[in-house]
Amino acid sequence: MIDVILGLQWGDEGKGKIADYLTPKYDLVARFQGGPNAGHSLEFEGKKFVLNTIPSGIFRKTTLNLIGNGVVIDPVRLQEEIQRIVNECTDYKERLLISKKAHLIFPTHRILDAASENAKGDQKIGSTLRGIGPTYRDKIGRSGMRVGDILEVDFEKRYKKLVEQHLKQIEFLGFSDFDLKAEEEKFFAAIEFLKGHQLINSEYLIHKMISDGKKILAEGAQGSLLDVEFGTYPFVTSSNTLSGGVCSGLGVAPKHIRKVYGIFKAYCTRVGSGPFPTELDNELGESLRQKGNEFGATTGRTRRTGWLDLVSLKYTCMLNGVDELIMMKGDVLNGFDELQAATHYKIGETTTDEVPSNLCSTEVEPLYKAFKGWPTETSIDNGFDAMPDSFKDYIDFVQSYLGTKISVISMGPGRDETLVLN
Ligand code: GDP
Ligand code: IMO
Ligand code: MG
């Protein structure tokens with residue numbers, strides 16, 4: 001049986017915190033897409049960790065963690081990430097499994113990412129420059145290389161052949177700001193390091209676990225509005241971030257998926273370019289950014305901020321088949337006199353509650369419902385019923401608008417700052 005947790009907005013909803021929080025209920029936590037463009041933050045016992053490729057179950061000693069076939073892996077970044085957690089997780093090697101079918105990010109994929117962004121000028125995606133797009137491009141183009149290939153005798157020969165092609169593309173894009181030799185040294189050292197890990201045919205492991213009645217949590221990366229099919233294309237990432245991606249990203253049939261948990265922030269953020277109808281490019285937005293500490297977990301980039309957009313949230317609940325909602329960062333809205341949430345878009349003379357197919361080229365005016373704010377100090381100690389009425393009104397409206405119940409509300413980054421609703 002597989003449950004899924006994934007982000008319903010543009011990423012950074014707080015997936016890492018919730019995956020870590022839910023992990024004790026599961027035998028395996030698996031990443032099914034994305035790569036080191038993700039930055040998932042976890043806080044416990046006064047410590048803070050940011051994970052990029054490693055699943056967020058790694059800090060719980062009884063849980064296995066799988067980097068699935070749908071993920072793209074940069075060996076250099078993975079090695080750095082492991083070095084950051086190894087003191088906390090001395091036993092990590094026994095609990096970290098890596099699919100042999102996951103594709104490898106080469107140094108030239110990263111350089112190509114930078115070259116492509118550079119060539120796009122003011123149409124830049126705002127990529128994390130981790131090589132994600134070029135690696136998935138090679139995967140779909142059937143020229144990529146996978147983790148299992150590092151064990152083959154002709155690995156270096158095939159590596160060189162692909163790099164030759166990349167260098168031609170980089171030259172064509174007129175990009176020369178890189179030192180490939182230095183990058184390659186780190187890459188091949190990291191390949192040797194990777195060989196010392198459990199590289200497996202993970203689809204067999206998952207199916208064995210399912211038939212043994214074990215519980216699996218699939219941990220999404222990025223967010224539904226960054227999905228390559230249904231996100232704000234072309235300002236998206238290059239993978240299937242929706243619940244459908246779990247099947248191809250882990251090698252499981254839809255019938256094995258039990259529950260989909262959709263995670264959203266009580267407001268909205270976005271990093272990088274692209275449409276953001278409820279964006280607050282003003283003092284209110286700045287106040288959300290400061291209170292919510294909205295700066296990238298790995299890149300440190302400033303996150304754009306805005307009010308909750310229920311129109312797009314309803315869309316992503318539909319696309320993912322969300323069973324239960326988890327609302328994050330409720331505490332960041334503490335102390336506002338008034339809050340707003342968009343319930344409709346006005347496009348020309350038409351009012352709609354649907355996301356247009358071409359959000360990038362459509363002038364959208366969000367229509368808001370206003371809510372009374374709640375006090376600066378809130379305590380979760382006495383449960384949801386004891387929360388301020390205006391807080392409960394906000395939650396009730398969101399649930400009824402989305403037709404889906406909110407089962408958990410996060411009121412701080414720590415494991416214990418979590419309110420579970422009946
Ligand atoms: P992810 O990519 O979805 O895992 O999210 P990130 O880790 O990139 O960003 C979420 C940020 O919010 C992290 O710094 C978390 O520590 C923090 N965070 C998570 N939940 C809460 C919450 O309920 N309240 C506050 N104030 N911060 C939170
Ligand atoms: P987590 O898992 C927020 C955004 C980038 C850029 C676009 C494409 O931490 O939520 P890419 O590097 O994939 O080519 O970038 O997607 N992006 C994210 N934004 N959180 C993420 O991951 C993101 N991963 C990619 O900012 O706009
Ligand atoms: Mg993040």
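Every value quoted in this text rests on a predicted model; they were computed, and no experiment measured them. Every number for a ligand or one of its atoms is a count from 1 in the order of the listing. Only heavy atoms go into these numbers, but all of them, side chains included; no hydrogens, no water, no symmetry mates.
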Should Gly412 be counted as touching ligand 1, given the test is an N or O pair under 3.5 Å?
yes
Evaluate the side-chain proximity of His166 to Asp138: yes if any heavy-atom separation is below 4.5 Å, no if none is.
yes
Is the shortest N/O to N/O distance between Gly330 and ligand 1 below 3.5 Å?
no
Given Thr237, Leu226, Leu51, identify the one with the heavy atom nearest to atom 17 (N) of ligand 2.
Leu226
Answer with yes or no whether Arg130 contacts ligand 2, where contact means a heavy atom under 4.0 Å from a ligand atom.
no
In the protein, what heavy atom is nearest to atom 27 (O) of ligand 2, and what distance, to one decimal place, separates them?
Val271 O, 3.1 Å
Look only at interatomic distance and state if Gly16 has a nitrogen or oxygen under 3.5 Å from any nitrogen or oxygen of ligand 1.
yes
With heavy atoms under 4.0 Å as the rule, classify the contact between Trp10 and ligand 2 as side chain, backbone, both or neither.
backbone
Can you tell me if Gly126 contacts ligand 2 (heavy atom of the residue under 4.0 Å from the ligand)?
yes
Determine, using heavy atoms of Gly133 and all atoms of ligand 2, whether some pair is separated by less than 4.0 Å.
no
Of Asn37, Thr299, Val236, which has the heavy atom at the shortest distance from atom 8 (C) of ligand 2?
Val236
With a 3.5 Å cut-off and sequence neighbours excluded, list the donor-acceptor pairs that the side chains of residues 386-393 form with protein atoms.
unit_1: Ser390; atom_1: OG; unit_2: Gly373; atom_2: O; d: 2.8
unit_1: Lys392; atom_1: NZ; unit_2: Asp385; atom_2: O; d: 2.7

With a heavy-atom distance limit of 4.0 Å, tell me whether Arg303 approaches ligand 1 through its side chain, its backbone, both, or neither.
side chain
Check if Lys48 has a non-hydrogen atom at a distance under 4.0 Å from any atom of ligand 1.
yes
Distance under 6.0 Å and angle within 45° of ring axis: Lys314 vs Tyr401:
yes
In Å, rounded to the nearest 0.5 Å, how long is the span from CZ of Arg270 to CZ of Arg303?
13.5 Å
Considering distance alone, does some N or O of Lys17 sit under 3.5 Å from an N or O of ligand 1?
no
Within the 4.0 Å heavy-atom shell around Lys15, which atoms of ligand 2 are there?
1 (P), 2 (O), 10 (O)
Is there a heavy atom of Arg303 sitting under 4.0 angstrom from any atom of ligand 2?
no
Which atoms of ligand 1 sit under 4.0 Å from any heavy atom of Met328?
20 (N)
Hey, can you pull the donor-acceptor pairs under 3.5 Å for the side chains in residues 27-35, sequence neighbours left out?
unit_1: Asp27; atom_1: OD2; unit_2: Lys215; atom_2: N; d: 2.7
unit_1: Arg31; atom_1: NH1; unit_2: Asn52; atom_2: O; d: 2.8
unit_1: Arg31; atom_1: NH2; unit_2: Gln33; atom_2: O; d: 3.1
unit_1: Arg31; atom_1: NH2; unit_2: Gly35; atom_2: O; d: 3.4
unit_1: Gln33; atom_1: OE1; unit_2: Ala221; atom_2: N; d: 2.5
unit_1: Gln33; atom_1: NE2; unit_2: Gln222; atom_2: OE1; d: 3.1
unit_1: Gln33; atom_1: NE2; unit_2: Ser239; atom_2: OG; d: 3.0

Is Gly11 in polar range of ligand 1, meaning some N or O pair under 3.5 Å apart?
no
Below 2.8 Å, can you find an N, O or S atom of Lys15 next to the Mg ion (ligand 3)?
no
